[in-house]
Structures are given as structure tokens and as C-alpha cells.
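Inspection log for the structure reproduced underneath, given as C-alpha cells.
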Amino acid sequence: MAFLSPADHLPTENLTEEPFRFTRKLPLILTKLTPPRTPGALLQRDRLLTLLDTATSGSLALVRAAAGFGKTTLLAQWYRHRQQQGDALAWLSLEEHDSDPELFMRYLLAALRPFCTELCETYTRSPERSRSEDFSLFLVELTNALHLSPHPVYLILDDYHTLRDPEIHAGISWLLHHAPASLRLIIGSRTQPPLALGRLQIQEQYLEIDDKQLRFTESEAQAYFAQSATATVKKQDIPQLMALTEGWVAGMKIASLAPASREAGPRLAGDLRAGSRSIARYLDEVIVAPLPPAVLQFLMLTSVLNRLHPDLCDAVTNESNGKAMLAWVGQHNLFLSALDEGGFWFRYHPLMRDALWQRLQHHENVDIRLLHERAGNWFAAQQLWAEAIRHALAAGKSVTRHAEAGAQSLAEEGDIDTMVRWIRYLPATPDPSRTELQLNLAWALAHHFRFHDARQLLDAIDAMVAVQPTRLAHSTWVKQRVVRAICEAFADNIIGSIAIVEPLLGEVPCGDDWVDGLVCNILSYCHLALRRPQQALDVQQRFPAILAKNRNMFIEVYRAFVLALGVLRQGNLHEAQRLATQALHSAEQQTGTHTSSGATLAPLLAAIAQAQGDSGRACALLTPRTGMIDDFCPPDGLSLCYQVLAQQAQQNGQYDDAQQLLIHAGQLALQRGWRRARITLLAERVTLSLDAGASLKARQLFSELQQLAGAESWHTVSCESRLLLANGKPKMAATRLEAVIAEHESCGEYLPALNSRLLQAVALWQAGEAMKAAAACKPALAHAVEQHLRQSLLDAGPSLQALLAFMRSQYSGDEPLIRAIAGAESLLGVSSPPASAPLRLTEREQQTLRLIAEGNSNKSIARTLGISVETVKWHLKQLYEKLEVGGRIQAVNQARKWGWLN
């Protein structure tokens with residue numbers, strides 16, 4: 001490349017800033033011959049150490065990744081790991097000054113001295129042999145000396161990327177291809193070394209560990225933060241931190257040390273982005289500052305792009321070196337990832353892009369709007385209209401040319417936000433020549449829940465069409481009707497919507513795959529709203545050939561949403577997770593994480609994760625997307641999102657926060673006229689209030705629920721049953737639940753039916769009707785275990801554990817049932833207390849434990865024991881600490897497991 005010599009990495013001006021240059025006249029730095037000191041918590045990365053162990057059978061192992069991925073730490077751990085096994089190891093930490101054959105030769109001799117004593121003594125006695133012109137002779141003599149070694153010798157060269165002299169690279173390549181069987185070379189580098197490796201790869205003598213393998217896994221991150229004395233990150237925040245940093249080790253460590261990272265809740269992601277001074281400083285000092293000016297300029301200018309293409313980069317930078325620059329950036333591991341197998345599209349790591357963007361915004365001589373304008377023009381020339389419009393809007397342009405194609409492209413990507421922002425640049429009155437454009441804008445307004453505006457625009461289109469001399473194309477007529485149906489469905493006018501859309505099913509196929517998809521998806525959505533999951537699935541299955549060829553992304557996302565929600569309500573969590581995960585991954589590969597696609601599917605996946613007891617995964621799905629969920633998620637998804645967040649807050653002992661989350665979602669639902677969502681959220685508030693022992697608040701909320709949903713709504717009856725249980729009327733609760741179970745099962749909603757069956761079984765058990773309780777529990781138990789429904793088992797309450805123990809004794813010969821019971825106990829159970837240090841409860845703690853096991857509220861316990869509510873809370877805190885649990889249900893389950901309530 002014109003701006004660099006072939007092996008350059010650092011600009012010349014940086015090298016002259018050093019106080020002096022090392023030569024052979026100065027003594028060697030002995031600390032470079034041992035692994036560097038690594039203070040603080042170190043995570044033993046067994047999977048990578050095991051992988052490196054395979055280097056014992058090859059000639060070369062390369063550990064290659066950008067700065068901060070833990071290369072040196074891993075190599076140091078492996079060095080000590082092999083040292084403990086008695087292996088012969090040599091270590092050499094390299095620096096820019098070592099990029100001199102003569103000095104490199106001296107250091108190599110010093111590192112290998114214990115294994116090549118005679119050769120080292122020869123060079124010590126004759127220092128004139130250490131001249132750079134004798135480097136090739138030295139390598140020959142080194143090869144011969146190592147050939148005599150009776151055991152393997154492992155030579156670790158760390159920070160190899162700092163070497164720039166071609167003679168050294170040529171010498172190492174020669175050494176690799178003539179090395180004796182005893183030599184094993186392990187290299188740590190930020191870049192791909194300019195070595196000839198083809199023959200080694202063919203001979204299976206080469207191992208490479210790259211950034212994909214070096215990234216922290218979630219379990220490694222949990223282990224690291226658990227043993228770290230300085231980084232205090234809550235377990236539930238780790239998945240979010242993983243998503244933010246994409247497993248970049250240094251990023252996770254630095255971000256966790258920022259004060260903001262100790263805060264819980266949705267703000268964590270924003271607080272830990274590259275705007276954080278710690279991360280920005282690290283990126284600037286370690287990665288950005290040493291770059292050649294031309295590279296830094298390229299990186300900054302292209303940070304306006306979500307994805308990179310060589311020709312696009314040329315257009316934005318107004319240069320013609322995009323391909324070479326991207327190749328150099330990739331070779332030097334500057335946080336660049338390929339997005340396609342052909343190697344045409346790339347992206348920067350989000351933290352790297354954010355840091356570059358911050359630099360660009362403070363650069364006085366760059367017109368950022370001009371960069372966006374250039375990008376928009378390039379995308380428009382490629383007819384990639386969605387990205388063309390996004391960049392044009394960022395440049396302050398109106399983008400009225402190709403508006404129809406642009407609107408359709410944005411709609412197919414689901415970029416509702418851009419479409420709504422774009423509306424102010426478009427004509428305010430309907431135009432007969434732009435009916436398609438205006439229908440797409442009405443569609444966007446409906447998805448943005450601006451129902452009044454959407455209806456006004458649709459009414460104007462209807463009036464305009466009515467007086468047109470020519471008829472609309474058939475597909476446009478269908479689109480006009482289905483957009484109206486979408487608006488009514490999202491306004492919670494389900495009956496009105498289904499009256500419009502159901503007749504349109506007969507018009508499919510109408511000649512437009514996009515419109516066909518809209519018809520099928522909104523009809524399925526209406527069936528789900530009316531509690532008809534099988535009918536919703538049937539609509540999608542009636543036209544599989546049409547939908548199979550339909551690759552419109554947003555249609556596929558909503559199709560996945562209705563399919564996954566349908567099978568979820570039928571109780572098939574595994575299939576629901578598969579459908580939603582596949583669609584989310586496909587959509588976010590194209591558009592990134594902060595889109596309406598993620599806002600639509602993430603709540604559903606989070607609800608599945610929460611139901612299966614994986615609160616970390618649920619948190620990681622929701623927390624970075626809460627803003628988008630508030631803005632774009634349909635009613636059912638919004639309810640799922642805030643139910644999960646509230647349950648997590650409750651599990652963490654944050655009752656008030658849980659209620660506030662549900663109140664916030666309820667206010668959004670009220671503003672949008674979403675009665676169904678308000679009912680669901682209010683029912684959740686009743687349940688969480690009862691779980692927290694706030695029975696008075698639960699009764700107040702229940703009265704609101706009755707007024708909103710009606711006395712016989714299944715939500716009302718379910719909450720009433722929980723209230724009856726809390727008030728010591730289990731028989732009445734069981735009777736009331738019978739109708740709810742029958743209603744769920746008649747609708748084909750087997751998941752809520754299962755939850756109600758478990759609750760009914762517990763009610764019967766508390767009523768003293770053990771055999772009826774077992775009979776009610778049996779049909780639900782196997783399915784709960786098969787689908788890993790841990791939360792459903794927990795929600796049934798602490799009495800379920802005792803019921804399971806009774807069933808085990810009663811049905812000891814029923815092997816399938818015994819397996820189901822064991823599975824349920826495994827989902828609920830915890831380890832036994834250590835026999836060597838038995839826990840002791842005070843008499844008052846024992847009394848408190850028995851009373852919460854009977855379902856008493858804090859106020860009821862206080863009255864029974866003659867103490868204050870605050871004292872009850874203190875005893876509960878002591879109980880939770882001794883039992884190592886976070887709430888009442890877990891405390892009772894633990895106590896039953898340990899036999900303290902027998």
C-alpha cells in the first residue's frame with residue numbers, strides 16, 4: 001500500500017519518541033525472558049489450555065487477535081501449566097526494538113540457553129558472530145543444536161506483530177520448515193504474521209486460535225466476575241455485558257470497573273458503551289493512537305456506516321483505496337468482522353465504531369453530513385433504498401426521488417422509525433400517482449401506534465381512490481384494505497380488523513408477496529388475540545409455497561412472531577424458541593440489534609427463557625432493547641417484556657421496582673387503548689403483590705382488575721383463586737380454577753392450562769384432598785419437565801414440593817411418573833446443606849418459616865407472633881441468608897428439601 005511499507009504497523013514518528021534505542025552494546029532485559037506479571041483475578045481458561053495442548057503434536061500454534069483478547073494471559077497460563085508438567089519451555093516477549101536481526105538473535109539465544117548450552121557458549125565467546133549478516137547461519141546452527149535435544153522444546157514468542165524486519169520473518173519461515181521434531185513454536189500476535197504456512201497447514205502441523213475462540217463465553221464471564229475483587233458485576237447483568245462487548249475480554253473488564261456498571265436495570269448498556277471514558281481511553285491509547293494517520297482517517301470517516309464495502313468506503317472517503325484499507329485493517333485485527341462468505345461486506349465491533357464516531361464528531365475539518373450524503377448516493381446507485389434513505393435523512397436531504405421504492409424497502413426491513421421520521425419531508429396531501437407510497441406510510445404510522453394519523457391518511461386515500469377514473473391494481477386494492485386491518489388490530493379493535501381481513505384471505509395470492517404476507521400475518525394475529533392459536537397456525541400453513549418464497553424480512557419476522565406465539569401458548573416452548581431465534585438471528589444479521597425486528601421477537605424469547613429459569617438470557621434479550629420495545633412492540637410482546645422484567649426485579653427483592661415496571665407498561669397500554677395488555681399487566685401486579693406478602697395491595701389491584709376485565713374473565717378468576725389461597729380458602733380456589741382450566745383447554749391454550757392445573761393441584765393439597773391434588777398434578781407434570789418449565793413449578797407455590805413427595809410415595813411403581821417427579825424436583829430443588837456445618841434456625845425463625853410455608857402474609861405473621869411487620873422482614877432476611885435464597889418460595893422449597901418442615 002502506498003502509505004505503508006509492506007510489513008509496517010506503526011508510524012515512524014512514534015518510534016522516534018523513545019528515549020533511546022537498544023543495541024547489542026546494552027545488556028538484555030531479562031524480564032522479557034519470562035511471562036509478564038499479571039496482577040488481579042485470573043480466569044483459568046481450561047477449554048483454551050486444552051486446545052493449546054494440541055500444539056504438542058505440531059510445529060506451530062498461532063494465537064491471533066486484537067488487543068485485549070487475553071492472548072498474553074493465555075500463553076502465560078499455558079507456560080505455567082506445561083512447566084508444572086516438567087516440559088522444556090522458553091519465553092520471549094517482543095517489542096519494536098527487537099525488530100533487528102542482531103538483537104533478535106541475542107534474545108533468542110538467551111531464551112533458549114538452557115536447551116542449547118553449547119551453541120550459546122560459542123556465541124558468547126565469539127560475539128562477532130552475532131552480526132546481522134550471520135542471522136541465516138545462526139538459524140542453521142540453532143536447528144542443528146535443537147535436533148540433538150532428547151525432549152520437545154516449546155518456544156513462545158509473544159507480541160510477534162511488533163517485528164517488522166523482513167529478514168526475521170523469512171528466517172522464522174525457514175526455521176519452521178527445517179525445524180527438528182523437538183521444536184514447537186507458539187506465537188502470540190495481533191496480526192497475521194507474514195510467514196509461509198501453507199505446507200504446515202496441509203501437513204496438519206499448524207494450530208490457530210483466533211478472536212472467536214478467545215472471546216469470553218458466558219460461563220467464563222460469570223466465573224471471572226465471581227472471583228474478581230475489583231469488578232463488581234451482578235450475575236443478571238453479565239449476558240448484557242456479553243452482548244455489549246461481544247465477549248471482548250478487555251472491554252468486559254474495563255466496562256465492569258466503571259461506577260455505572262454497578263447499577264442495575266436497563267441503563268447499564270448505555271452507561272457501558274464506548275462513551276465510557278475507561279473504554280474510550282483504552283481504545284484510544286492502545287489501538288487508535290498508534291495507527292498511521294491515513295488508517296485512522298479511513299476508520300473515522302467510515303464509522304458513519306453500519307456496514308462496509310470497499311466501493312462504499314471509496315465513495316465516502318473520496319479515495320480509491322477502500323479494498324486495500326479494509327484488507328490492512330482486517331490483517332491487523334482492528335475489530336473488523338466479515339458479514340458474508342464472499343468477503344465483500346464487513347462491520348466494525350460496536351465499541352470500536354462508537355469510539356471512532358466520538359473522535360469523528362470532535363474533528364473540526366470533517367463535514368459529517370457530506371459523508372452521509374455520499375453514502376446515501378452510493379446506496380441509491382445500488383438500489384439499496386432503505387440504507388440510501390437513512391443516510392440521506394442523516395445528511396438533511398428530503399429524498400423525494402425514488403420515494404416509492406424507498407418506502408417499500410424500509411417497510412420490508414421493518415425500519416418504522418426511519419419511515420415515520422421521513423414523513424415530514426413528503427407531500428401532506430394524497431397524490432393519485434403515489435398511492436403505494438402513502439399506503440406504506442399509513443402502514444408505518446399504524447406500527448408506530450399513531451392510529452389517529454394512520455386512519456386520517458387511510459380515509460384520505462379512500463376518498464381519493466373513490467373519485468379516480470381508473471381502478472387500482474388488484475394488489476394495491478388488497479393492500480389498501482389490509483393496511484386498514486393492521487391499523488384496527490394494533491388499536492385493539494380485533495373484531496373490526498378480522499371483519500376486514502378475513503375476506504381478503506380469498507384474494508391471496510394477489511400478485512404481491514409482501515401484501516400476501518401482510519394478510520396472513522394480521523389474520524393470524526387476530527386469531528391469537530381471540531385465543532385461537534390453532535387457527536392462527538392454520539392460516540400460515542394454508543399457503544406454505546407462497547410464504548416460502550417470500551423473503552421480505554419484516555414479513556418473515558412477523559410470521560415468526562405469530563407462529564412462535566401460537567405454539568408457545570400451545571405449550572411447545574422448544575419449537576417457539578427455534579422459530580423466533582432463527583428469525584431474529586436472520587433479521588439482525590441484516591439490520592443490527594436496535595430495530596423493530598428485535599423489539600418484536602426479543603420479548604417472546606425472553607418469556608421462554610424466563611419460563612425455563614434462565615433469567616440471564618432473558619435479561620440480555622430485553623435490556624438493550626427496552627426503548628425499541630416501548631416504541632414498536634405490539635401489545636402481546638409489550639406485556640411479555642414487562643412481565644419478565646417485573647418477575648426478575650421481584651426475584652432480586654425489588655418489589656417496588658417490579659410494580660413500577662408494570663405501571664410504566666400499563667401507562668403505555670392505556671395511551672394506546674390496549675385493553676388486553678392492561679388486563680394482563682394488572683393481573684401480573686396482583687400475583688407479584690401476593691408473592692411479596694402485600695395482600696392489601698393485591699386486593700386493591702384485584703378490584704381494579706374486576707372492573708376492567710369483568711368478574712368471569714380468566715385473568716380475574718386466576719387472580720381470585722390466588723387470593724383465596726392466600727386467605728386460607730384452598731377448596732374454593734380449586735373449584736374456581738376448574739372453569740379456567742376447561743376454558744384454556746377448549747381454546748387449545750395448553751400452557752396457561754398447565755399453569756392453572758399446577759395451581760389447582762396445590763389448592764387441593766392445601767385443602768387436604770391429597771389424591772385429588774395428585775390427579776390434578778399428574779397431567780401437567782410430565783409436560784412441565786419436558787419443556788423445562790421451572791417458572792411454572794415455582795409459581796405454583798411452596799406446597800408443590802410436599803405434593804411431589806406424597807406422589808412419589810403413592811405411585812412408586814409408576815416409572816414414567818416417578819421420572820417426571822424427579823425432573824420436577826430437580827428443577828425446583830437445591831443442594832443439601834453441608835453435613836459438617838449444619839445450619840441452625842432460631843425458634844422465631846422456625847416459626848416464621850412455618851407461617852410463610854402456610855401462605856401467610858407479613859402482616860398476618862406479625863399478628864400471629866405478636867411482633868411488628870419490620871421485625872418479620874428482619875427474620876425473613878436472616879432466613880434468606882441462611883438458606884442462600886432470594887425469596888419466600890425458594891426459602892420454603894429449600895426448607896422442604898432439607899426436611900425442616902416435616
Checklist outcome for this item: Closest non-hydrogen contact found for Gln577 with Ile608 is N-CD1, 3.7 Å

Next on the checklist: Can you classify the ring geometry of Trp714 versus His744 as parallel (below 30°), tilted (30 to 60°) or perpendicular (above 60°)?
Outcome noted: perpendicular

Next on the checklist: Quick one, Leu563 with Leu537, criterion side chain to side chain contact (heavy atoms under 4.5 Å, CB included). Give me CA distance, side-chain angles, the key distance, then yes/no.
Outcome noted: CA-CA 6 Å; Leu563 284 171; Leu537 301 178; 3.7 Å; yes

Checklist entry - Given Leu804 and Leu828, is the side chain to side chain contact (heavy atoms under 4.5 Å, CB included) satisfied, shown in steps? => result CA-CA 11 Å; Leu804 292 176; Leu828 287 170; 4.1 Å; yes

Next on the checklist: Go through it in stages, so that I can follow the logic: the residues are Glu720 and Lys729, the test is salt bridge (charged side-chain N to carboxylate O under 4.0 Å, His left out), and I'd like the CA-CA distance, side-chain angles, deciding distance and then a yes or no.
Outcome noted: CA-CA 11 Å; Glu720 181 187 7; Lys729 299 176 181 178; over 6 Å; no

Checklist entry - Just checking, any donor-acceptor pair under 3.5 angstrom between side chains of Thr871 and Ser868? => result yes

Next on the checklist: Would you say Arg844 and Gln847 are linked by a side-chain donor-acceptor pair, where the criterion is simply a distance under 3.5 Å?
Outcome noted: yes

Checklist entry - From Gln787 CD over to Glu575 CD, what is the distance, rounded to the nearest 0.5 angstrom? => result 10.0 Å

Next on the checklist: Using only atom types and a distance under 3.5 Å, with no angle test, would you say the side chain of Ser809 pairs donor to acceptor with the backbone of Phe806?
Outcome noted: yes

Checklist entry - Going through the distances and angles, do Ile663 and Gln667 end up as a side chain to side chain contact (heavy atoms under 4.5 Å, CB included)? => result CA-CA 6 Å; Ile663 289 169; Gln667 289 171 341; 3.8 Å; yes

Next on the checklist: Under the criterion side chain to side chain contact (heavy atoms under 4.5 Å, CB included), I'd like the reasoning laid out for Leu682 against Leu662: C-alpha separation, chi angles, the key distance, then a yes or no.
Outcome noted: CA-CA 8 Å; Leu682 198 51; Leu662 293 169; over 6 Å; no

Checklist entry - For Tyr811, is the NZ or CZ atom of Lys778 found under 6.0 angstrom from the centre of its six-membered ring and inside 45 degrees of the ring axis? => result yes

Checklist entry - Would Tyr880 and His875 count as a close aromatic pair, with their ring centres under 6.0 Å? => result no

Checklist entry - Hey, is the main chain of Leu621 close enough, under 3.5 Å, to the side chain of Arg625 for a donor-acceptor pair? => result yes

Checklist entry - So, Asn727 side chain and Leu723 main chain: donor-acceptor pair closer than 3.5 Å or not? => result yes

Next on the checklist: Looking only at the side chains, is there a donor atom on one of Gln791 and Gln612 sitting less than 3.5 Å from an acceptor on the other?
Outcome noted: no

Checklist entry - So, the side chain of Asn652 versus the backbone of Gln648: is there a donor-acceptor pair under 3.5 Å, distance only? => result yes

Checklist entry - Is Gln760 reaching over with its side chain to a backbone N or O of Ala734, donor-acceptor style, under 3.5 angstrom? => result yes

Checklist entry - For the side chain of Gln650 and the backbone of Leu688, is there at least one donor-acceptor N/O pair under 3.5 Å apart? => result yes

Checklist entry - Do we see a donor-acceptor contact under 3.5 Å between the side chains of Gln706 and Thr716? => result no

Next on the checklist: Under a 3.5 Å cutoff, is there a donor and acceptor pairing between the side chains of His664 and Asp630?
Outcome noted: yes

Checklist entry - If we ignore angles and hydrogens, is there a donor and acceptor under 3.5 Å between the side chains of Gln659 and Ser689? => result yes

Checklist entry - Are Glu745 and Arg757 within salt-bridge range, i.e. N to O under 4.0 Å? => result yes

Next on the checklist: With no hydrogens and no angle check, just 3.5 Å: does a side-chain donor-acceptor pair link Gln534 and Gln570?
Outcome noted: yes

Checklist entry - Stepwise, does the salt bridge (charged side-chain N to carboxylate O under 4.0 Å, His left out) test hold for Arg676 with Asp636? => result CA-CA 8 Å; Arg676 290 184 304 116; Asp636 305 84; 3.1 Å; yes

Checklist entry - Is it true that Phe449 and Phe632 have ring centroids separated by less than 6.0 Å? => result no

Item to check | Minimum heavy-atom distance Ala776-Leu764, with the two atoms named | outcome: CB-CD1, 4.1 Å

Item to check | Distance-only donor-acceptor check, side chains Gln647 and Glu684, under 3.5 Å | outcome: yes

Checklist entry - Any salt bridge between Arg850 and Glu845, counting N to O under 4.0 Å? => result no

Item to check | Derivation of the salt bridge (charged side-chain N to carboxylate O under 4.0 Å, His left out) call for Arg531 and Glu743 | outcome: CA-CA 10 Å; Arg531 302 180 62 202; Glu743 182 182 346; 2.5 Å; yes

